[in-house]
Amino acid sequence: MLILPMLLPPPRSPRHTVRDFCTVTVKQHGRTTCYDCEKNIDLLTFLQRTGHLVVAPCGGNGKCGKCVVNVTSGECAVTGSGKVRACRSIVKEDITVDLDEAEGKGIEKFFSGISTDKTGIAVDVGTTTIAAAYCDGKNIRYASCLNSQSVFGSDVISRIRACSDVRNLEKMRDAVTNDINGLIRSLTGCDSAVENGVIAANTTMLHILCGVSPVSMGVAPFKPTFLDAKIVTDSNLLIKKATLVCGISAYVGADVAAGLVATDMLGDSGVKVLMDIGTNGEVVVNNNGVLWCASTAAGPAFEGACSCGMGGVDGAISRIGFDGRLNIQTINGTAAKGLCGSGLTDAIALLIENGGIDESGAFCNGKRPFLEKSDFNDRAYITCDVYVSQKDIRQFQLAKSALCSGVTVLLKKAGASLDDVDRLYIAGGLGYYTDISNASIAGVIPRQLKDKAIAVGNSSLQGAIRILDDRSLLDVLKEKTSKCNVVELSDDADFAETYIENLSF
Amino acid sequence: MNTFDEMAQLLERGKAKDLTALVEQQLAAGVSPKDILTEGLIKGMSIIGEKFKNNEVFVPEVLIAARAMNMALKVLKPALVNEGVQSIGTVVLCTVKGDLHDIGKNLVKIMMEGVGFNVVDLGVDCGADKIIDAIRRYNADIVGLSSLLTTTMVNMKDIIESIDQAGLRDKVKIMIGGAPVTQQFADEIGADAYTPDAATAAEVAKAYCA
């Protein structure tokens, strides 16, 4: 479940029924819970403190508008009642909050074809989603859940910032430990610890999992405390001996390193590229055995942060086709509620192909072929209430250019050109659903690489399974990644120029 | 269309060569360089700024227009100096300590220059000492602080406190911006203004120096 038991406050005590407190009634998962709440606190902080999962991608900064909750009785200061932003709502009187409408059930598809005769658990701790694979010697079973740390913000930077308060570090450590334990319980069907496990995650997630402060990675020069592979024996974790995969840098972590194992990115011949697309995009280039890597701030556009955006959960439009009329696919086939990253990519590719937006990304008046509704000039409607706005397209342009430019510039630094590339692996959630041709039209990947691209899904988890199967891969990985050239793109002049060029379609 | 409007339009479309030629021609014909600047060039940048704010044009179009503006200014500058025309004020601009992201800050620079400011760009990863030094050295009217990371925006607070301790707080207006920054944050740390985009930043700065 999404409730974090260790964050639950003590039961209501009668002595708090005096003036400075009021009652907040929370409805979630069909359950109703009453809390005493000190007045003048913002609702998001209160809900986080009481262990209710409200996703706040911007960390409660009032920027993203995603922490909307339904205040069904009473009123909050400034925002009032009904659907309000929790982070902007100040509790002043007794209120009732309904959270059930706001959340979705995380789903993730997995790569098939990997097998192992070993037993143990492989885990990929993503900033948004945690995925685990349980190997029983014959079969592999998979499960995934949302990372409960998201109450502290959706991106790693927000999490790092929250860790400047050491109590939050402990809370996030407990949250991720509980999430992993929950997955292990559901996969093994029992409460006892698994003997062996391999955990891959980005560098920040691994720091938090080990209770090590990631704060130094939040500011330049972005130094991690540790990157080496290590074995963790934490009695709170349902893995007796957990091996953490080695990372490469603060922003190219063990998840990407594991991805190198899962693909053939560790070989000595050819030019290969791995792109891991999430809130942060990581890029690794292998030019005939020499590795180069960089991370590039894609921002949350691919993780559902547009006007009608949502994560890859039930009801998210994941594919859009057009053959004179629109064909819409949603995740699990439920009614369309919003757009996830691949849906947004398809929508933009269709707009470009049909003259709906010009090269600069601006809407062309009257030329939005798949509209069912055109009340607003700065919106393109996909369904009656799911649309892409001009501002969404601008955000997408920033994100796609960061990724595409990251690949282009890193290849150049590695001494290779786009034409030299033999294979482009696209990893990460976007990789599952995205149509590669549309990704190239929309400029997420360089156009020249369209025919070389292959979507591999969660390469981090696959890599963790491979390492569980064959420990010696960890030594190979360590040897290769210790020589990897880490490129910092944010202050690179060549990147800045390429980035501006690639903003256009 | 009058000549000033034509300049504004050439600027908006980034036609650097045509614009420079027109400015040269007008100067030769005896048109006031100040009028060319305010009625032609600055007006063109304002139009671009407004469109940028409304998402109608994007970063590349702004940069192309800025390039045209810079080329035209090269031709115009000697004439402006001869006529004794001065900038409307001086802005010290930087990305704060711990942060290396500067694309947003560079846009602000372009827009500020576009409305007639002299902009001193201190670059990225910039601490309080450097900023205080620049305020004194360039006799700045405005300080602009930028940050892309929630982990570095807290440094804005330290910088404002240091400016205060240096006894310069009343001398300058402090403006802040960047993806994670909000009006609420500006209020909390005692900044004079938060602006959501580069064009608005230039407008607000201009109002301070009016």
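All chains are named by letter (A, B, ...) in the order of the sequence lines, taking the proteins before the strands, and each is independently numbered beginning at 1.
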Trainee: Identify the residues of residues 50-62 of chain B whose heavy atoms come closer than 4.5 Å to a heavy atom of chain A, ordered by number, or report 'none'.
Mentor: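 Result: B:N55, B:E56, B:V57, B:F58, B:V59, B:P60, B:E61.
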Trainee: A:S360, A:S389, A:A362: which one forms the most heavy-atom pairs within less than 4.5 Å of chain B?
Mentor: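 Most heavy-atom pairs under 4.5 Å with chain B: A:S360.
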Trainee: For residues 154-165 of chain B, please give each side-chain donor-acceptor pair under 3.5 Å, one per line with the distance, not counting sequence neighbours.
Mentor:
| from | atom 1 | to | atom 2 | distance (Å) |
| --- | --- | --- | --- | --- |
| B:N155 | ND2 | B:K97 | O | 2.7 |
| B:S162 | OG | B:D158 | O | 3.0 |

Trainee: By a 4.5 Å heavy-atom criterion (distance strictly below it), what part of A:R159 contacts chain B: side chain, backbone, both, or neither?
Mentor: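 Contact with chain B involves no heavy atom of A:R159 at all.
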Trainee: What's the separation between atom OG1 in B:T151 and atom CD1 in A:I157, rounded to the nearest 0.5 Å?
Mentor: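 If I round to the nearest 0.5 Å, the distance is 4.5 Å.
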Trainee: Counting heavy atoms not belonging to B:K171, are there more than 12 under 6.0 Å from its NZ?
Mentor: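 Check passes, neighbour count above 12.
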Trainee: Is A:E501 in contact with chain B via its backbone, its side chain, both, or neither, using a 4.5 Å heavy-atom distance?
Mentor: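 No part of A:E501 comes within 4.5 Å of chain B.
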Trainee: For B:D170, is the CG atom crowded, meaning more than 12 foreign heavy atoms sit under 6.0 Å from it?
Mentor: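 Open: at most 12 neighbouring heavy atoms sit under 6.0 Å from CG of B:D170.
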Trainee: Using the test side-chain contact (heavy atoms from CB on, under 4.5 Å), find all partners of B:T95 that sit at least two apart in sequence or belong to another chain.
Mentor: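 Listed in chain order: B:D99, B:D102, B:K105, B:V124, B:S146.
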Trainee: Taking all non-hydrogen atoms of both residues into account, name the closest pair between B:T152 and A:G218 and its distance.
Mentor: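 Scanning both residues, the minimum pair turns out to be CG2-O, 4.0 Å.
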Trainee: Between A:A162, A:S490, A:S504, which shows the greatest number of heavy-atom pairs under 4.5 Å with chain B?
Mentor: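 Most heavy-atom pairs under 4.5 Å with chain B: A:S490.
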Trainee: Applying a heavy-atom distance below 4.5 Å, give me the residues of residues 3-18 of chain B that approach chain A, sorted by number.
Mentor: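 The list, in residue order, is empty: none.
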Trainee: So, taking the atom named CD1 in A:I500 and the one named CD1 in B:I64, what distance separates them when rounded to the nearest 0.5 Å?
Mentor: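 Between atom CD1 of A:I500 and atom CD1 of B:I64 there are 10.0 Å.
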Trainee: Could you tell me which portion of B:Q184 (side chain, backbone, both or neither) has an atom closer than 4.5 angstrom to a non-hydrogen atom of chain A?
Mentor: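 Only the side chain of B:Q184 comes within 4.5 Å of chain A.
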Trainee: How about CD on A:E359, more than 12 heavy atoms from neighbouring residues, nucleotides or ligands closer than 6.0 Å, or not?
Mentor: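 12 or below, so no.
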